[in-house]
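Scroll down for the structure; my scribbles are underneath it.
None of the values given here were measured: they were computed from a predicted structure. Every number for a ligand or one of its atoms is a count from 1 in the order of the listing.
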Amino acid sequence: MNTTEMKKTKEDKSMLLPVLALRGLVVFPGMMLQFDVGRKKSILALSKAMEDDQLIFLVTQRDLSDNEPRQEQLYQTGVVARIKQLVRHPEDGVRLFVEGLYRAEMTDEMHDDPFLLAKVTPCKLIAYRKTQRGEALIRYTQNLFEEYLQNYSRIPPDIIVGVVQKKDCGELADYIASNIMFDFEKKQMILEEPSPVKRLNKLVDILKNEIQVLEIENQISEKAKEQIDQNQREYYLREQMKAIAYELGEDDNPQEEADTFRERIAKLCLPELQEKKLLKECDRLAKLPFGSHESSVILGYLETCLDLPWNTLSEESINLDKARKILDREHYGLKKVKERILEVLAVRKLAPEIKGQIICLVGPPGVGKTSIARSIAEALGRKYVRVSLGGVRDESDIVGHRKTYVGSMPGRIIAAMKQAGTRNPLLLLDEIDKLSHDFRGDPASALLEVLDAEQNMAFHDHYIDMPFDLSDVLFITTANDFSAIPEPLADRMDVITLGSYTHEEKFHIATKHLIPKQYKKHGITPKMVRIQPAAVHALIDGYTREAGVRNLERQIASLCRKCAAKLVEDPETRITITQKSLEPLLGPARFKNDDLHKTDEIGLVNGLAWTSVGGEILPIEVAVMEGTGKIELTGSLGDVMKESARTAISCIRTRASSLGIEHDFHTKYDIHIHAPEGAIPKDGPSAGTAMATAITSALCRVPVRHDVAMTGEITLLGRVLPIGGLKEKTMAAYRAGVKTVIIPSDNVPDLAEIDSVVKDSVTFLPVQKVDQVLEAALVRTPETKAGVVHNSTGVLPVPAGQPATTAPSIPQ
Ligand code: ADP
């Protein structure tokens, strides 16, 4: 091509220019750009341009993979650019620095070899005319671009200066398009648009889309970053933990740890099911990162399971002689109880395969139930563990929580087995009558599973979550009140009753067992401290009031502490505790011996009550006042006791004339029945005879013998019905110094149970009718036709020597 040809083309604004095909790059007018050129054809085109006036037509190829694109494989619209700088690289390449000048179209191809030379014509563009719409569009675009910049941090911020300066829609579109990254196809679309406003609108669309994509991209990368941060944090903490563990010499490798557990499991020779389950947990442990929450849960679980005595048994030897010796050595008295226990042991020796009968030791607190159980364990050579059931109201207390719960543990039974360390211990289920239940399930039914010989060979605790064999365990239960044990449980039990102790028994227990035991505990020898018998008697009477000896033991312990303090101060002293020295050491006596009132009183009767902690004297007071026939009952009386009081009144009405009581007393007088101590709730029908006697005494104005106590339910017709707890009640009467106890004749067989000491000092008077009670309890037979005069005390006195005209006759 020669220069003339070139001139000619310039006149019609067309030019013959070498063409440089761009891959994935669109150059806009006004854009300064630096890029590398490597293709041979392109380098030749550049050489041609450098020979002429350094102009070159830059146009984008449609297909990026095309290495030698022909004209038809190029877009038509491109940019005429000036080559500002050209640097040749040693390895054939060229670095080019160009400036885009104006849009142009390739109209004719002159030749394609050795490089592309084409006729290029400037594009016909629409000039921009400033309008409000245009201005608004420019501002909008500028704001949008700012937003784009916020999301895309890799663009230098000074670009914004150029954007703000542009006042022409077309120029702004070109400027932005040349400075941001998006598809070359879209850039080509912007380049080809002749209208400046349309061009900017197209750019706005692209920009909006880009912003959205960037936002999503940022969110994703933010999340990924957070995840990485979290992972890094955990990794860092774990490494730190390892370092700390290493310093402490506790660096455990989960794999090694799992292997150690596997070895321990193998040694245990477990049944297949249990072994499989534990090995599975080991596999899980090996896979978990050291120190993670889950791994510590599994670790705790495996430790607990492996500590259980799956196959460890202690050898049981039933030697009745040895058992008797141990029981006698540890316990004073309790003859019948010991005999019963030896019988049970004898049966076990003869028929060891018969399982399931469970001993239940019933009696008030402190009578030695727990310590008897401990002695049985010793006699049998079994390990002893006590499980306290008092107040257990949640089923999971017995059967545990699933190990997935936070802080979960096995239930009390499995925990006791772990503590025992053998599969055949003696488990003492203490206070089984104190089980309660609520919405969290019924612990009694869970316990049934434990005690049932049919089910307990595969006892299922939720925590260890596999069967455990309890069939070799010897269960002994204790209760204060057998009737409070849930029936299905009570059915399985063999009851052995331990009664209250007499004063003498307490004295012997104290001197033979409690005092030596406490001496030992406090490091005292009999040489250092001597407690005189009179002091022990005073201790029993003045400082304790109980069926058992628990408080007595506490008081002895308290004495020992005081003595120990003195001995430390002066090791040479010898202390003798007399009756008198109790007060300075323990404070004034809390109970007075004279439980009973000393004189015969009108309207005051000694009733007898029985509670789960022993028997007690229950005084009943009655006052009769002029009134309208109201009946007042006070002293926290339960419904049954109130009914019993009404029955007593009606019963007396049926006998009014024979007792010398006015037949209309129930309309003329108010009767007030009271049972001190008012704050303690009382119930039950057994105070019937006592109430009837007190009411009769008050109405007839005849005093009641103060040394008589009574118990018995009465009916309307005056029959006396049997009652429960006779042993404890009579013991209370004996303690209080009562001489005669009136009992229902149906209770006579129970007298066999009563302690001989009690029998020796108390006379029992069995009765069938209330009339016999009155005859025995009132100091004299009520006079018939006695005058009834009300006095201010409310008690009807006998008007001395005044035979009243209204007195009914006594049946002779
Ligand atoms: P319980 O279980 O019936 O409430 P414990 O067995 O706890 O009573 O007895 C309380 C204390 O009294 C224990 O120290 C126990 O050794 C002692 N004890 C009870 N009865 C006797 C007894 N007959 N002989 C010797 N010590 C006894």
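- D481 and S483 are linked by a side-chain donor-acceptor pair at a separation below 3.5 angstrom, with hydrogens and angles left out of the test.
- In this structure, CG in N551 is found 4.5 Å from CD in E546, a value given to the nearest 0.5 Å.
- At the shortest separation from atom 24 (N) of ligand 1 among protein heavy atoms lies Y332 N, 2.9 Å.
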Derivation of the side-chain hydrogen bond (donor to acceptor under 3.5 Å, both in side chains) call for H706 and N606: CA-CA 7 Å; H706 74 277; N606 296 315; over 6 Å; no
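- Scanning all protein heavy atoms for the shortest distance to atom 11 (C) of ligand 1 gives E553 OE1, 3.1 Å.
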From CA spacing to verdict: side-chain hydrogen bond (donor to acceptor under 3.5 Å, both in side chains), S317, N319: CA-CA 6 Å; S317 60; N319 178 336; over 6 Å; no
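- Nearest protein heavy-atom contact of atom 6 (O) of ligand 1 is S371 N, 2.9 Å.
- Among protein heavy atoms, atom 4 (O) of ligand 1 sits closest to R550 NH2, 2.2 Å.
- Salt bridge absent: K325 and D328 never bring a charged side-chain N and a carboxylate O closer than 4.0 Å.
- In V549, the part holding a heavy atom less than 4.0 Å from any atom of ligand 1 is the side chain.
- Contact annotation: for K369 versus ligand 1, heavy atoms closer than 4.0 Å belong to both the backbone and the side chain.
- For K512, no heavy-atom contact with ligand 1 is shorter than 4.0 Å.
- Atom 27 (C) of ligand 1 has I509 CG2, 3.8 Å as its closest protein atom, hydrogens excluded (heavy atom only).
- By the criterion of a heavy-atom distance under 4.0 Å, neither the backbone nor the side chain of D430 is placed next to ligand 1.
- Close contacts of ligand 1 with L334, meaning ligand atoms under 4.0 Å from a residue heavy atom, involve 23 (N).
- Counted within 6.0 Å of CG on D760, heavy atoms from surrounding residues, nucleotides or ligands total more than 12; the atom is thus considered enclosed.
- Those atoms of ligand 1 with a heavy atom of V367 less than 4.0 angstrom away are 3 (O), 8 (O), 19 (C), 20 (N).
- The closest donor-acceptor contact from the side chain of R386 to the backbone of L429 lies at 3.5 Å or more, if one exists at all.
- Annotation: side chain of L539 is not in contact with side chain of T544 (no heavy-atom distance under 4.5 Å).
- Between R348 and E343 there is no salt bridge, since none of the side-chain N atoms of the basic residue sits less than 4.0 Å from a carboxylate O of the acidic one.
- Using a 4.0 Å cutoff on heavy atoms, G548 does not count as a contact of ligand 1.
- The closest heavy-atom contact to atom 16 (O) of ligand 1, among the options E330, K517, R374, comes from K517.
- Taking a 6.0 Å sphere around NZ of K580, one finds it holds 12 or fewer heavy atoms contributed by other residues, nucleotides or ligands.
- If you look at H508 and H513, their ring centroids are not closer than 6.0 Å.
- Comparing P364, S375, G368 by heavy-atom distance to atom 9 (O) of ligand 1, the nearest is G368.
- For atom 2 (O) of ligand 1, the closest non-hydrogen atom on the protein side is T370 OG1, 2.3 Å.
- Set against the non-hydrogen atoms of P365, the atoms of ligand 1 under 4.0 Å away are 4 (O).
- At the top of the distance list for atom 21 (C) of ligand 1, counting protein heavy atoms only, stands Y501 OH, 3.6 Å.
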